[in-house]
Undergrad: 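Below you will find the structure I want to go over with you.
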Amino acid sequence: MPDDASVTRVSLEAAAREDSVDLLHTLVASLWEGSPDVAMIDRIRFETAVIEVMANIVEHAYAIDGEGVTGRRFDVSLLADPTSLVATFADDGRPCEIDLSTVSMPGYDAESGRGLALASAAVDDLAYHRDGVINHWSITCRRQP
Amino acid sequence: MPDDASVTRVSLEAAAREDSVDLLHTLVASLWEGSPDVAMIDRIRFETAVIEVMANIVEHAYAIDGEGVTGRRFDVSLLADPTSLVATFADDGRPCEIDLSTVSMPGYDAESGRGLALASAAVDDLAYHRDGVINHWSITCRRQP
Amino acid sequence: MIEFKVETTSRGIGVVTPVGRLNMVSARRLGEVVTELVGAGTNRIVVDMAQTDFMDSSGLGALIAGLKTTRQAGGDLRLACPTEQIQTVLELTNLNKVLRPRPTVEGAFDA
Amino acid sequence: MIEFKVETTSRGIGVVTPVGRLNMVSARRLGEVVTELVGAGTNRIVVDMAQTDFMDSSGLGALIAGLKTTRQAGGDLRLACPTEQIQTVLELTNLNKVLRPRPTVEGAFDA
Ligand SMILES: Nc1ncnc2c1ncn2[C@@H]1O[C@H](COP(=O)(O)OP(=O)(O)O)[C@@H](O)[C@H]1O
Ligand SMILES: Nc1ncnc2c1ncn2[C@@H]1O[C@H](COP(=O)(O)OP(=O)(O)O)[C@@H](O)[C@H]1O
C-alpha cells in the first residue's frame, strides 16, 4: 500500500478479446471514482490513449492467431496521483513492429491507421518495449495544474 | 499473466473512505464484464460479502482516527475463475477484535451489527488474519456448477 | 449514487423510492426521509425497492429503524418490489418475515 | 454497449444516433447502417453524437467511410452535437475540418 492518500491504482488481468475494451472503460471509470479531482480534459486524453493501446493489443498482437487460438492474456495497471496519470500494459502476443517515433497521422480520407498516432497525440508520452516474450506499453499524461 | 483464458483478476489500491464503497461496486462490475458467465446468484453472494467487508474496513479499522487523520489505505484483489470467486483485502488500519467463528445474526429489531454475519452467510468462506500491522480479509465463493 | 423519490398517495400513504444503492452513505438519508414523513403525520410508508440496485446491512438497519419509527406512531413500514439481491439479503439475515416484501406498491397496505 | 437509432426526416435526411461507445466492435455496425441508408436512397446523413459517450479511431474510420459512401452517391455525411471527448479526438486527428461538427441535428444540412 503506497503512503499517499491521493493515489489510486486499479489493475486488471484478463483474456485479450474485443470485449476487453468495454471492460477497460469500466476500469477507467473506477479510477475516476477513486480520484474524483482529475480534470475532464485529462480524463479524455488518458482514456482515449488507453483505449487505443488496448485496441491495438487486441487487433495486432493477436491478429495472426486465428479463430481457434485462445488463452492470450494481458494485464493493465492504471495509476492516478496528484501530478500524473500512468497506464502500463503487458501482453504475451506478437511483437509490435512499428517504430513509435515515426508514427504519423494518415491523410484525411484514410479509413484506418490512426490508432497509435491518436494515442501518441493525446498524451505526453507513449512508449513500447519488448522484454523476452512480453510486450510492454506505457502511457503517461501529466495532469493540468 | 496466468495461463487460463477464463480467469479475470481486477485489483485496486486507494484511500479508505466512505466513497471507496462505490468505487468497489464499479470494480466488481468490471469483474463481471471480464467473466460474463458468472451466474446471478453467485454475483449477488460475492458482491454482498465484498461490500460488507469494505464497509467494515472503512467503519471499524479506521474509526478511531477521527476527522483529521488521512492517508489510511487499502487494497483489494478480485478473481473469477471457472470454479470460484475470490476477494482478498489488505489494510493498515486497527486490528479487528472480533472472532468470526462466533459472529451471529442479531435479533430482528437490531439496527446494526449484521455486517459480518451477512458477509459470512452469503459466501462459502470468510476469513481474517492480522500480519504485522496489516489486516487481511479473504472471501471465497464456490460458483454453482 | 442514490436519489430518493418521495410521494404521498391519495390514501395518505408515503411512498419512498430509493434509486441507486442503499449503503453506509445513503442509509442515513433513508432514515431521515422516514423520520420527516412521520413527523409530518404520514405513518404508513411503502419503500419501493424496484430501483434499488443494491442494499447492504446498513440499508437493512435503516429499514428496521424506519419500521420502529412508523409503528411507534401507530403506522407501519412495508417493502415492495425487491430485486433479487435485496431478496437474497432479506433471506440471509432472516428479516424476510419482519420486512415481508409485497409484490406491488399499490397493494402493500392491503393485507 | 451501443445502440443505433435511425430516423428519416420529412426532408429526406437520415439521422443516425449512436447511443453508447463507438469503438472497434461497434464501428462496423455504423458502417453497415450508413451503407443501408444510402442503398435505400438516403444519401444525406446526420450522425447525432450527443449520446455517443466515447469514440476511438475505428469510430473515426467508420465516419470517414460513411462520408465517402454518401458523397459517392451525391450526398454528404455530417456530424452534430459532439461531446467533449469527440471534439478532442477530431482535433487531435485533424479531422475537424473534414468532419466539421454542427451544433444542431436540424441545422446540420443548412450550410
Ligand atoms: N502492434 C503492431 N504490430 C504490427 N504492426 C502494427 C502494430 N500496430 C500498428 N501496426 C501497423 O501500423 C499502422 C498503424 O496502425 P494503428 O495506428 O494501430 O491503426 P489501426 O489500428 O487503424 O490499424 C498499421 O499499418 C498497422 O498495421
Ligand atoms: N473490525 C472490527 N474491529 C472491532 N470490532 C468490530 C470490527 N468489526 C465488527 N466489530 C464489532 O462487531 C459487531 C458486529 O459488527 P458488524 O458485523 O461489522 O456490523 P456493523 O457494521 O453493523 O456494526 C459490532 O459490535 C462491531 O463493533
Side-chain angles (χ1 to χ4, degrees), chain A residues 16-29 31-32 38-63 74 98 103-124 126 139 141 144, chain D residues 1-3 18-35 38 47 49 51-72 76-79 82-101:
Chain A
R17 294 190 304 239
E18 276 198 350
D19 53 9
S20 306
V21 175
D22 284 325
L23 171 49
L24 190 50
H25 276 292
T26 305
L27 198 73
V28 170
L31 185 69
W32 306 147
V38 178
M40 182 54 75
I41 184 63
D42 293 333
R43 295 180 186 218
I44 287 174
R45 295 166 61 215
F46 186 69
E47 185 162 9
T48 300
V50 161
I51 294 300
E52 289 297 341
V53 168
M54 180 81 250
N56 188 285
I57 290 172
V58 173
E59 194 180 347
H60 295 292
Y62 299 98
F74 74 102
I98 196 168
V103 160
S104 64
M105 208 60 78
Y108 82 89
D109 60 345
E111 292 178 26
S112 68
R114 287 187 187 86
L116 295 175
L118 172 56
S120 178
V123 293
D124 295 290
L126 171 69
I139 290 168
C141 181
Q144 65 175 33
Chain D
M1 301 305 293
I2 194 125
E3 188 199 334
V19 181
R21 298 180 195 125
L22 213 44
N23 59 23
M24 63 193 294
V25 181
S26 51
R28 278 177 224 138
R29 288 174 53 200
L30 176 60
E32 289 160 16
V33 168
V34 171
T35 304
V38 172
V47 184
M49 307 291 273
Q51 295 172 77
T52 310
D53 303 320
F54 189 91
M55 178 174 68
D56 74 358
S57 62
S58 32
L60 281 174
L63 291 176
I64 296 293
L67 191 72
K68 293 192 216 169
T69 307
T70 52
R71 287 187 181 172
Q72 272 154 19
D76 203 0
L77 178 143
R78 301 200 172 167
L79 284 200
T83 58
E84 195 179 341
Q85 192 268 343
I86 289 166
Q87 290 179 48
T88 304
V89 164
L90 292 172
E91 282 159 26
L92 290 171
T93 54
N94 308 318
L95 291 176
N96 46 0
K97 290 181 188 66
V98 54
L99 288 169
R100 181 162 62 90

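Computed from heavy atoms alone, side chains included, the values below leave out hydrogens, waters and symmetry copies.
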Undergrad: With a 4.0 Å cut-off, would you call D/Arg21 and A/Glu47 a salt bridge?
TA: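 A salt bridge is absent here (no side-chain N lies under 4.0 Å from a carboxylate O).
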Undergrad: Do D/Thr93 and A/Tyr108 touch side chain to side chain, with heavy atoms closer than 4.5 Å?
TA: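 Of all side-chain heavy-atom pairs linking A/Tyr108 with D/Thr93, none is under 4.5 Å.
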Undergrad: Please classify the contact of A/Glu18 with chain D as side chain, backbone, both or neither, using a heavy-atom distance under 4.5 Å.
TA: both
Undergrad: Among D/Asn23, D/Asp56, D/Val25, which residue satisfies the side-chain contact (heavy atoms from CB on, under 4.5 Å) criterion with A/Val21?
TA: D/Asn23
Undergrad: Atom OG in D/Ser26, atom CG in A/Asp22: separation rounded to 0.5 Å?
TA: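 Going from the OG atom of D/Ser26 to the CG atom of A/Asp22 covers 8.0 Å.
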Undergrad: Could you tell me the separation between the CG atom of D/Leu95 and the CE atom of A/Met105, rounded to the nearest 0.5 Å?
TA: 7.5 Å
Undergrad: As an exercise, state the distance from CD1 of A/Ile51 to OG of D/Ser57, rounded to the nearest 0.5 Å.
TA: 11.0 Å
Undergrad: Does anything in residues 60-70 of chain D pair up under side-chain hydrogen bond (donor to acceptor under 3.5 Å, both in side chains), and if so which pairs, sequence neighbours excluded?
TA: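 Of all non-adjacent pairs touching residues 60-70 of chain D, those that pass side-chain hydrogen bond (donor to acceptor under 3.5 Å, both in side chains) are A/Glu111-D/Lys68.
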Undergrad: Which region of A/Ala55, side chain (C-beta onward) or backbone (N, CA, C, O), has a non-hydrogen atom less than 4.5 Å from a non-hydrogen atom of chain D, or is it both or neither?
TA: both
Undergrad: So which part of A/Ala110 gets closer than 4.5 Å to some heavy atom of chain D, the side chain, the backbone, both or neither?
TA: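 Just the backbone, heavy atoms under 4.5 Å.
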Undergrad: Distance check, rounded to the nearest 0.5 Å: A/Ser120 atom OG versus D/Leu92 atom CG?
TA: 10.0 Å
Undergrad: May I ask you to test the D/Glu84-A/Met40 pair for a side-chain heavy-atom distance under 4.5 Å?
TA: yes
Undergrad: Within this structure, what is the OG-CE distance for the pair A/Ser20 and D/Met24, rounded to the nearest 0.5 Å?
TA: 9.5 Å
